[in-house]
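Following: one structure in structure tokens, then a few remarks.
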Amino acid sequence: MDLKFLDFEQPIADLEAKIEELRNVEFDNNINISDAIRQLEDRSRALTESIFANLSDWQISQLSRHPGRPYTLDYIQHMFTDFHELHGDRTYADDPAIVCGLARLEGQPIILIGHQKGRDTREKIYRNFGMPRPEGYRKALRVMKMAERFKLPLICLIDTPGAYPGIEAEERGQSEAIARNLFEMTRLKTPIICTIIGEGGSGGALAIGVGDRLIMLEYSTYSVISPEGCASILWKSADKSQLAAESMGITSDRIREQGLLDEVVREPVGGGHRDFQAIALNLRETLIRHMEDLKRQAIDELLERRYQRIMSFGAFSEEGGK
Amino acid sequence: MSWFEKLVPSTIRTNSSNKKSTVPEGLWNKCPNCNAILYNTELERNFSVCPKCDHHMRIAARARLNMFLDEGARVEIGKNIKPVDPLRFKDSKRYKDRLIQAQKQTRENDALVVMRGQLKGQDIVAAAFDFNFMGGSMGSVVGERFVRGVNQSFELAIPFIVFTASGGARMQESLFSLFQMAKTSAALTRLSAAGIPYISFMTDPTMGGVSASLAMLGDINIAEPNALIGFAGPRVIEQTVHEKLPEGFQRSEFLQEHGAIDLIVDRREMRDKISSILAMLMAGRTVTLGLTEPEAELEPKPDTEPKPDLETETETEPESMTAEADDNINA
């Protein structure tokens with residue numbers, strides 16, 4: 001079994017392997033079996049569509065963390081030009097779990113902040129599995145202030161299991177680093193567009209996730225705690241992760257129903273990992289549209305709207321009015 | 001107790017068996033730290049601090065505000081804001097049932113109580129978390145009440161003080177609860193811009209989403225002695241790094257040493273110290289008057305007097321100390 005495929009993707013993987021095999025046969029023996037291949041390709045597409053039409057919340061949760069899923073650096077390659085990475089928090093270190101930089105989006109200079117996971121074991125460790133330490137959030141804050149200073153829109157790409165739960169992270173003030181970003185992003189005088197591209201893991205995601213727009217890719221998730229963590233605390237069993245995922249309502253469609261989301265960006269059939277170019281194009285178009293819209297707003301108006309938007313979060317009842 | 005728990009020094013144990021023991025109601029109480037048997041009246045007179053070992057016991061929100069604020073008229077803010085179950089959440093129990101159980105147990109509607117009152121004659125707004133209410137977890141009601149308190153402090157230009165005691169975000173409200181971190185932090189930007197003091201007074205425990213938002217944003221960050229304060233829970237960290245946690249890890253003294261908090265204040269001195277600090281912070285306001293936001297009125301407006309739905313609160317609620325709520329500690 002190919003580890004690059006999730007269990008429910010396995011039938012698709014098998015079919016694709018067969019197609020690849022036939023192509024090799026065709027080439028090696030110089031015969032024409034392209035009709036058969038085309039037929040199989042149609043079947044593969046239909047199979048993918050039918051599997052992806054009925055995904056459970058848990059399956060989407062797995063897709064959001066798919067090992068082949070495009071990460072921030074992939075989007076940078078496919079969506080932006082003139083990217084210059086900016087390293088370090090100027091105080092302690094550079095955190096590779098968060099990538100920051102200057103880039104252009106359809107000619108418009110922007111500041112970009114994104115979580116970065118690793119593809120292979122070595123890079124995974126180097127990127128700390130996309131779990132930032134305080135210096136990562138402080139680096140992000142540093143470039144946010146720069147975005148404000150130079151009047152550049154801020155684009156945040158969110159993809160993390162959460163802030164790193166480590167000894168040194170606590171020693172250097174993980175809580176304060178996250179809190180400070182929530183505070184500063186509220187009043188940052190430049191448009192902020194946040195997109196969940198994969199895993200929106202709790203406070204570690206929110207720390208670069210406060211802004212004027214919240215966008216989610218179709219197969220991304222956003223939650224207060226991972227399904228595994230929730231299951232082990234509330235059900236006292238990690239086996240209930242599936243149930244926890246469904247109970248918390250962590251998928252883009254469920255969160256849109258809760259009224260907390262501006263837009264869901266559709267992914268190519270089979271998920272973003274099947275076609276980086278296609279998903280990047282969809283996201284790019286969405287980002288440009290929102291950016292143009294936000295740029296038209298006067299900055300005071302923008303900040304007031306952002307503030308009122310943040311204040312509207314919550315579900316409660318109140319007797320007798322205010 | 002497992003062999004590993006035995007290895008861990010008692011100062012950093014979080015789920016040790018002694019916390020599970022329920023304190024008997026009545027005349028006598030037992031210190032969860034030194035096991036001394038204490039006479040309740042004496043304990044109360046000592047602000048629920050063990051006279052033998054100075055252990056600061058966890059106290060209910062209303063009890064905290066009662067010992068902190070001056071006697072006399074207090075106005076509760078946001079009392080009519082009540083929790084709902086937006087996701088119809090159900091784990092081993094339904095969220096609705098958990099709420100009812102917590103409400104019965106604590107006689108509170110949710111985990112935050114906010115009041116306007118006075119501290120040594122200075123008008124202030126004070127909020128306190130109730131750890132007995134689902135681990136003091138922050139859901140929509142906690143966030144909204146906090147914001148209402150902040151707004152009142154902003155409108156009247158009087159200081160805002162919060163006493164935190166929380167395991168973090170309330171999982172049963174999922175993203176709604178996560179977003180309360182942003183909401184509470186955002187509200188504080190107004191106080192900061194208007195130069196109105198915000199004091200965060202962290203008590204045992206202050207973890208997760210509460211720690212990583214409103215608790216760490218004080219103009220002055222204060223902690224009670226030996227309170228557990230941090231982002232990730234000690235168990236989660238242990239499982240992640242497979243290392244023994246250093247002694248006193250995530251305790252107030254550790255945080256002060258690492259620069260996260262300004263000072264540690266004994267509960268018995270909180271009124272004196274906070275009022276002294278506030279007097280100085282507020283003294284500067286008259287000088288910088290011209291620089292404050294136009295909306296920030298210095299004089300309390302008569303039309304913001306108690307509204308009909310707000311009740312004056314003076315009575316002390318009985319406390320019940322259970323540790324079941326420890327389970328609510330999460331990210």
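Computed from a prediction, not measured in an experiment: that's the story for all the values here. In what follows, every heavy atom counts, from backbone to side chain, and hydrogens, waters and symmetry copies are set aside.
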Please check if the side chain of [X] supplies one atom and the backbone of [Y] the other of a donor-acceptor pair under 3.5 Å.
{"X": "B:S140", "Y": "A:G314", "result": "no"}
{"X": "A:E170", "Y": "B:A232", "result": "yes"}
{"X": "B:K183", "Y": "A:I310", "result": "no"}

> What residue in A:A179, A:A163, A:G162, A:S175 has the most heavy-atom pairs under 4.5 Å with chain B?
Replying inline: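 Max contact count across the listed options: A:S175.
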> Is the distance between the ring centroids of B:F231 and A:Y164 under 6.0 Å?
Replying inline: no
> Should the pair B:R145 and A:F316 be classed as cation-pi, given the thresholds of under 6.0 Å to the six-membered ring centre and 45° from the axis?
Replying inline: no
>> Which atoms of A:L243 are under 4.5 Å from chain B, going by heavy atoms: the side chain, the backbone, both sets, or neither?
In response: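 Neither part, no heavy atoms under 4.5 Å.
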> At a heavy-atom separation under 4.5 Å, does A:R180 approach chain B through its side chain, its backbone, both, or neither?
Replying inline: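 Contact with chain B is through both the backbone and side chain of A:R180.
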> Considering only heavy atoms, which portion of B:A215 lies under 4.5 Å from any heavy atom of chain A: side chain, backbone, both, or neither?
Replying inline: neither
> What part of B:A186 gets closer than 4.5 Å to chain A, counting heavy atoms only: side chain, backbone, both or neither?
Replying inline: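 Both parts, backbone and side chain.
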> Would A:E246 and B:K90 pass as an ion pair if we require N to O under 4.0 Å?
Replying inline: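 Judged by the 4.0 Å cut-off on N to carboxylate O distance, A:E246 and B:K90 do not form a salt bridge.
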> Are B:K82 and A:E318 ion-paired here, with the side-chain N under 4.0 Å from a carboxylate O?
Replying inline: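 A:E318 and B:K82: not salt-bridged.
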> What residue in B:T240, B:T189, B:L255, B:L214 has the most heavy-atom pairs under 4.5 Å with chain A?
Replying inline: B:T189
